K.L.:
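Got a structure here, written out as structure tokens. Questions coming.
Just so it is clear: chains get the letters A, B, ... in the order the sequence lines come, proteins before strands, and each one is counted from 1. Source: prediction; values computed, not measured. These numbers come from the heavy atoms of this one structure, side chains and all, not from hydrogens, waters or symmetry mates.
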Amino acid sequence: MTEQTPTIATRPSGVRVRFCPSPTGVPHVGLVRTALFNWAYARHTGGKLVFRIEDTDAARDSEESYHQLLDALRWIGLDWDEGVEVGGPHEPYRQSQRGDLYADVLARLLQAGHLYEAFSTPDEVEARHRAAGRDPKLGYDGHDRSLTAEDRAALREQGREPVLRLRMPDHDIVVDDLVRGEITFPAGATPDPVLARAGGAPLYTLVNPVDDAAMGITHVLRGEDLLSSTPRQVALHEALTDIGFSTGVPRFGHLPYVMGDGNRKLSKRDPESSLFVLRERGFLPEGLLNYLSLLGWALSGEQHVFRRDELVAAFDITDVVGAPARFDLAKAAAINGSHVRLLEAGDFSRRLVPYLQGAGLVGEELTEAQVQAIEAAGPLVQPRITLLGEAPGMLGFLLTPDDALEVEGAARSSLREDAGAVLDAATSALEALSDWEASAIEATLREALVTGMDLKPKVAFGPVRVAVTGRKVSPPLFESLEILGRVSSLARIAALRANLEE
RNA sequence: GCCCCUAUCGUCUAGCGGCCUAGGACACCGCCCUUUCAAGGCGGCAGCGCGGGUUCGAACCCCGUUGGGGGCACCA
């Protein structure tokens, strides 16, 4: 065993980072943020991102979750250089398929004396702590470290099977964390961890560092929750180096938590923690990517809205902040709104389609008229929404047959006594209009209602807006009338007029 | 209990000893623009947890303290 703790890996050139989730549950924003920072660091440095799946817990892992992980990464636009789906020189990239490697490493580690067989049950460990007047929560006490071959044989006689524990070094372990700086873990503070169950089933404690070593990972960028497991990982890397399996210890960088409301970690109970919920609400991949990168990092003090390539150009793991960041849905939406506004008009309209389909306003196949209406109205709603999911509400009136249009209660009750007269005047003016175009519509309606009836614009146009869109709030009225067309517009005004009589 | 992390406006952050009477963004509040609602423009409110040092000088360095978070599994 080495005397000193090497904290800087001596590796071939080039940054190699990895993203290695276990496929349990639905992808959440904290997970994606971790993937994002690994990706950004790889792209910034010209290094490689490895995507590995840690599915050694058959009870909790699921194939569905695996596919959701792929879906999530692809949607937000993170690609990887090696790993599941794309292959690479270190296949396979699913730990459930790497059992032979782990068994081999375990055997070599055991033979070299870095591992030992431990027979103590958790109850026995706790009982020893109590008997000695120590805190029972102290963790494993190292009791089996000194078992002789005879001792072990005797225990086996009793039908007991040992787990394999790593012999932690008796010196302090110093980690130069890329985001937190130098951290010292006192000798003896980390109990000897179990690396394999009785029977040999490998645990995360073994498999994660072994694969990092096998895949030549140079920088381990992961969640803060794993910070306290770092000393045992460093110790394992040292042992792996000692047996010639590895060439050193990777650098570590521990990313801050993503918090929810209050002072809790963002939990799966929070709906906004689910990437897919966010996507359904209408986040743009580039908008969410932008916001997520702001959780613990900043491009500069001044620029908050930026593109993917600007992120890559500027991102450095050493600039990441160590303190937890709160996920603020309002700010996320605001950043998204900025990206919505940045979209080219045609692009924006096309991205609306899935949300209109989801709302049942259009079918699988769009009609020519629907395409035209969406493209014409797109620019009207683009500055008015922050999430694409808001679009159906604003565009619904254009994609609904005249006789199916429903006037919202609040819109209906906003009408004053003179609404009928306003609608009558609007009808006369519009029927006489030869050129059905927004500016002409505006001119004639202003003349008839504002000038002719001496009404304030808000009062004058309100009833027309309600008649045509069914709502108090809508895209700009005159453009909306133009897009809707003369026939439908007049029909809707007439319908509301008739309705007022009742 | 032990170990570790962390601390600038309500929130996310810039700041890396003098450029700081602390900058930006979100939120909030005004005003302008305006056919509704937005967008946009202009302005405002609001912060270095506390106590000691070090220094000519501290948001920045050191020590302590308090608050917050995490870990102490045959889960990952």
K.L.:
Using side-chain hydrogen bond (donor to acceptor under 3.5 Å, both in side chains), reason through Y116(A) and D192(A) one step at a time and then give a plain yes or no.
P.N.:
CA-CA 10 Å; Y116(A) 61 91; D192(A) 293 346; 2.6 Å; yes
K.L.:
Take the protein atom CZ of F327(A) and the nucleotide atom P of G10(B), then report the distance between them rounded to whole Å.
P.N.:
21 Å
K.L.:
Taking the same atom, P, in C9(B) and in A14(B), what whole-Å distance lies between them?
P.N.:
13 Å
K.L.:
How far does the C1' atom of A58(B) sit from the matching atom of C19(B), given to the nearest Å?
P.N.:
15 Å
K.L.:
Say we look at G52(B) and U66(B): how far apart would their C1' atoms be, to the nearest angstrom?
P.N.:
14 Å
K.L.:
Does the cation-pi check pass for R222(A) over F19(A), that is, NZ or CZ under 6.0 Å from the six-membered ring centre and within 45° of its axis?
P.N.:
no
K.L.:
What is the separation between atom CG on D141(A) and atom P on A73(B), rounded to the nearest whole Å?
P.N.:
12 Å
K.L.:
Looking only at atom C1', what distance separates U13(B) and G18(B), rounded to whole Å?
P.N.:
23 Å
K.L.:
Here's a test of your reading of the structure: between G301(A) and D319(A), which maps to the more 5' nucleotide of RNA chain B?
P.N.:
D319(A)
K.L.:
Can you tell me, in whole Å, how much space there is between the C1' of A46(B) and that of C26(B)?
P.N.:
13 Å
K.L.:
Any chance you could list the contact pattern along nucleotides 27-49 of chain B? Use B for base contacts, S for sugar-phosphate-only contacts and - for none, protein heavy atoms under 4.0 Å, 5' to 3'.
P.N.:
--------BBBBS----------
K.L.:
What's the CG-P distance between N208(A) and A73(B), to the nearest Å?
P.N.:
18 Å
K.L.:
Using the P atom on both, measure A7(B) against G44(B) and round to a whole Å.
P.N.:
30 Å
K.L.:
Do T190(A) and R232(A) pair up side chain to side chain, a donor and an acceptor below 3.5 Å, judged on atom types alone?
P.N.:
no
K.L.:
Could you check whether R281(A) makes a cation-pi contact with F283(A), meaning its NZ or CZ is under 6.0 Å from the centre of the six-membered ring and within 45° of the ring axis?
P.N.:
no
K.L.:
The test is side-chain hydrogen bond (donor to acceptor under 3.5 Å, both in side chains); show your working for H339(A) and N290(A) and say whether it passes.
P.N.:
CA-CA 9 Å; H339(A) 282 274; N290(A) 185 159; 2.7 Å; yes
K.L.:
When we call it a touch if two heavy atoms are under 4.0 Å apart, what does G296(A) touch: a base, just sugar-phosphate, or nothing?
P.N.:
sugar-phosphate
K.L.:
Applying a 4.0 Å non-hydrogen cut-off, can you work out what T184(A) is touching in the nucleic acid: base, sugar-phosphate, or nothing?
P.N.:
sugar-phosphate
K.L.:
How is V450(A) classified with respect to the nucleic acid when contacts are heavy atoms under 4.0 Å: base, sugar-phosphate, or nothing?
P.N.:
nothing
K.L.:
What is the distance, to the nearest angstrom, from the CD atom on E224(A) to the P atom on G68(B)?
P.N.:
16 Å
K.L.:
Would you say the side chains of D172(A) and T184(A) form a donor-acceptor pair under 3.5 Å?
P.N.:
no
K.L.:
Return the value, rounded to whole Å, for the distance between atom CE of M168(A) and atom P of C3(B).
P.N.:
16 Å
K.L.:
Should A7(B) form a Watson-Crick or G-U wobble pair with both distances under 3.5 Å, which nucleotide is its partner?
P.N.:
U66(B)
K.L.:
Rounding to the closest angstrom, what is the interatomic distance between G51(B) and G67(B) at atom C1'?
P.N.:
15 Å
K.L.:
CZ of R33(A) versus C1' of C12(B): gap in Å, rounded?
P.N.:
12 Å
K.L.:
Could you tell me how far A25(B) sits from C32(B) if I compare only their C1' atoms? Round to whole Å.
P.N.:
22 Å
K.L.:
Any idea how F37(A) and F315(A) line up, ring-wise: parallel (<30°), tilted (30 to 60°), or perpendicular (>60°)?
P.N.:
tilted
K.L.:
Applying the Watson-Crick and G-U wobble criteria at under 3.5 Å, what pairs with C72(B)? Answer none if nothing qualifies.
P.N.:
G1(B)
K.L.:
What is the distance, to the nearest angstrom, from the OH atom on Y257(A) to the P atom on C4(B)?
P.N.:
16 Å
K.L.:
I want to confirm an ordering. Mapping G181(A) and Y291(A) to their closest nucleotides on RNA chain B, which one lands closer to the 5' end?
P.N.:
G181(A)
K.L.:
Distance-only, no hydrogens or angles: does the T469(A) side chain make a donor-acceptor pair with backbone N or O of V466(A) under 3.5 Å?
P.N.:
no
K.L.:
Counting only Watson-Crick or G-U wobble pairs whose two distances fall under 3.5 Å, which nucleotide matches U54(B)?
P.N.:
none
K.L.:
In the structure shown, which nucleotide is the Watson-Crick or G-U wobble counterpart of A14(B), with both distances under 3.5 Å?
P.N.:
none
K.L.:
For salt bridge (Lys or Arg N to Asp or Glu O under 4.0 Å), just list the numbers for D135(A) and K137(A), CA-CA rounded to whole Å, side-chain angles, deciding distance to a tenth of an Å, and then say yes or no.
P.N.:
CA-CA 5 Å; D135(A) 186 339; K137(A) 291 171 66 183; over 6 Å; no
K.L.:
Pick out the pairs of N or O atoms, protein on one side and nucleotides 74-76 of chain B on the other, that lie under 3.5 Å.
P.N.:
unit_1, atom_1, unit_2, atom_2, d
C74(B), OP2, R165(A), NH2, 3.4
C75(B), OP1, R197(A), NE, 2.9
C75(B), OP1, R197(A), NH2, 2.4
C75(B), OP2, R197(A), NE, 3.4
C75(B), OP2, R197(A), NH2, 3.0
C75(B), O5', R197(A), NH2, 3.3
C75(B), O2', D57(A), OD2, 2.7
C75(B), O2', R60(A), NH2, 3.4
A76(B), OP1, T56(A), OG1, 3.2
A76(B), OP2, Y204(A), N, 3.0
A76(B), O2', S22(A), OG, 2.7
A76(B), N6, R232(A), NH2, 2.8

K.L.:
Without hydrogens or angle criteria, can the side chains of D328(A) and Y291(A) be said to hold a donor-acceptor pair below 3.5 Å?
P.N.:
no
K.L.:
Find the partner of U34(B): check Watson-Crick (N1-N3 plus N6-O4 or O6-N4) and G-U wobble (N1-O2, O6-N3) distances, both under 3.5 Å, and reply none if neither fits.
P.N.:
none
K.L.:
Donor-acceptor pair, S65(A) side chain versus D61(A) backbone, under 3.5 Å?
P.N.:
no
K.L.:
Can you tell me the distance, in whole Å, between the CD atom of E302(A) and the C1' atom of A25(B)?
P.N.:
9 Å
K.L.:
Please tell me which of the listed nucleotides, C72(B), C5(B), A7(B), lies nearest to the side chain of P191(A)?
P.N.:
C72(B)
